[in-house]
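Have a look at the structure below, then the notes.
Remember, it's 1-based here, ligands and their atoms both numbered in the order they're listed.
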Amino acid sequence: MTYSRITGTGSYLPENVLTNKDLEKIVDTSDQWIQERTGIKKRHIAVDGQATSDLAEVASKNAMEAAGRTADDIDLIVVATTTPDKIFPSTACLLQRRLGIHGCAAFDVQAVCTGFVYAMGVADQFIRNGTARCALVVGAETISRLLDWNDRSTCVLFGDGAGAVILESSDEPGILSTHLHADGAYEDLLHVPGGLGNGLEDLAVEMRGNEVFRMAVNTLGRIVDETLDANGMQKSDVDWLVPHQANIRIIQATARKLGMDMDHVVVTVDEHGNTSAASVPLALDTAVRDGRIQRGETLLLEAFGGGFTWGSVLLKY
Ligand code: UT7
């Protein structure tokens, strides 16, 4: 049996930092409110001229180095992003050129905050059916470009960043299962109204935060059950929860659902806020590099976001 296995991880956060105190000068908010309601302390914001592919490039190089792989080894590139550099070519193609890779399939996946989980699901299929052997899977965003800096209900929540993994075919597990879902009925609860269909004026995130919060908690609870049931596993079989980093209270609710101590939940939301598709690989890379996540351990990756989209990846690291 062929599995896809993570052989290297990488990430990158732009150097420019915006703290909660900085935000107090921009909108009517407070460090205390932001920390208590979200767990966020700061976020990293791409500077002018720094695009999603710039962040993706650094994260990808870090992941390739960790896996001991070069450009010649990569035979698939999947980039999860909602904030592409251009309408086209895809950010995956722009990244491919930067990395000096030629000829392999390269494309973007757009599932907002669930993007990286979707990208892992897609790459896993390519590897398990033998179409690819060494995939570069990236979540990268400059979501700050889609914020209304006068809207305190959204601008305090998000930040920019990138995370990446190298996924290789292996006889050893590996990704055990992926579960991907969407329901477009909830478009109005979380969206950017503008686009080529509606005109490019209204390009800022709009969110009914409270309703999204409740949906996220309930839906992520269900995906935990679905994932464990599909694998015949118990809650106690999961060593690490690597959740989407949107709000510490949503993360805590999922951990409670798993009966998991917060010591086994990777939390990085305090450091970078909600980086959309970058958040899961950023958290994963952090816990791999600081030595918390060890080879052979079982990881549950999950996310929920605009669409609505939601999903999970259960894997042996
Ligand atoms: O990643 C994709 C999915 N997105 C999410 O998962 C985000 C989900 N939603 C959330 O994380 C939370 O709903 C928020 C953090 C966005 C908001 O927290 P909340 O506890 O749901 O607050 P709320 O929206 O019910 O607002 C409570 C109060 C309101 O004031 P009143 O009406 O009670 O007087 C808001 O106007 O907090 C006020 N408020 C703020 N106050 C200070 C909203 N934003 C701010 C702010 N600073 N930045």
[X] and [Y]: side-chain donor and acceptor closer than 3.5 Å?
{"X": "Glu141", "Y": "Thr82", "result": "yes"}
{"X": "His179", "Y": "Ser312", "result": "no"}
{"X": "Thr131", "Y": "Asn129", "result": "yes"}
{"X": "Thr142", "Y": "Asp160", "result": "no"}

Which is it for [X] and ligand 1 at heavy atoms under 4.0 Å: side chain, backbone, both or neither?
{"X": "Cys113", "value": "side chain"}
{"X": "Leu157", "value": "side chain"}
{"X": "Thr29", "value": "both"}
{"X": "Ile250", "value": "side chain"}

- [ ] Would you indicate whether the side-chain heavy atoms of Met207 and Leu157 approach each other to under 4.5 Å?
- [x]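 Of all side-chain heavy-atom pairs linking Met207 with Leu157, at least one is under 4.5 Å.
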Open item on the list: Can you confirm whether Phe116 sits close enough to Val165 that some side-chain heavy atom of one is under 4.5 Å from a side-chain heavy atom of the other?
Closed with: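 Yes; the side chains approach each other to less than 4.5 Å.
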Open item on the list: Tell me whether Arg43 forms a cation-pi arrangement with Phe158, defined as NZ or CZ under 6.0 Å from the six-membered ring centre and within 45 degrees of its axis.
Closed with: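 No cation-pi geometry.
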For [atom], what's the nearest protein heavy atom and its distance?
{"atom": "atom 27 (C) of ligand 1", "value": "Trp33 CZ2, 4.5 Å"}
{"atom": "atom 11 (O) of ligand 1", "value": "Asn247 ND2, 2.7 Å"}
{"atom": "atom 20 (O) of ligand 1", "value": "Arg37 NH2, 2.6 Å"}
{"atom": "atom 9 (N) of ligand 1", "value": "Gly209 O, 3.1 Å"}
{"atom": "atom 19 (P) of ligand 1", "value": "Arg249 NH2, 3.7 Å"}
{"atom": "atom 21 (O) of ligand 1", "value": "Asn210 ND2, 3.0 Å"}
{"atom": "atom 36 (O) of ligand 1", "value": "Arg152 NH2, 3.0 Å"}
{"atom": "atom 3 (C) of ligand 1", "value": "Val212 CG1, 3.7 Å"}

TODO: Would you verify that at least one protein heavy atom lies under 4.0 Å from atom 32 (O) of ligand 1, or report that none does?
DONE: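 No, because not a single protein heavy atom sits under 4.0 Å from atom 32 (O) of ligand 1.
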- [ ] Using protein heavy atoms only, decide if any is under 4.0 Å from atom 29 (C) of ligand 1.
- [x]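 There is no protein heavy atom less than 4.0 Å from atom 29 (C) of ligand 1.
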Between [X] and [Y], is there a side-chain N and carboxylate O pair less than 4.0 Å apart?
{"X": "Glu172", "Y": "Lys316", "answer": "no"}
{"X": "Arg152", "Y": "Asp28", "answer": "yes"}
{"X": "Lys42", "Y": "Glu271", "answer": "yes"}

Task: Sub-4.0 Å atoms of ligand 1 with respect to non-hydrogen atoms of Phe304 - done: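 Within the 4.0 Å cut-off of Phe304, ligand 1 contributes 1 (O), 2 (C).
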- [ ] Please identify which atoms of ligand 1 are closer than 4.0 Å to at least one heavy atom of Thr38.
- [x]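 This gives 15 (C) as the contact atoms.
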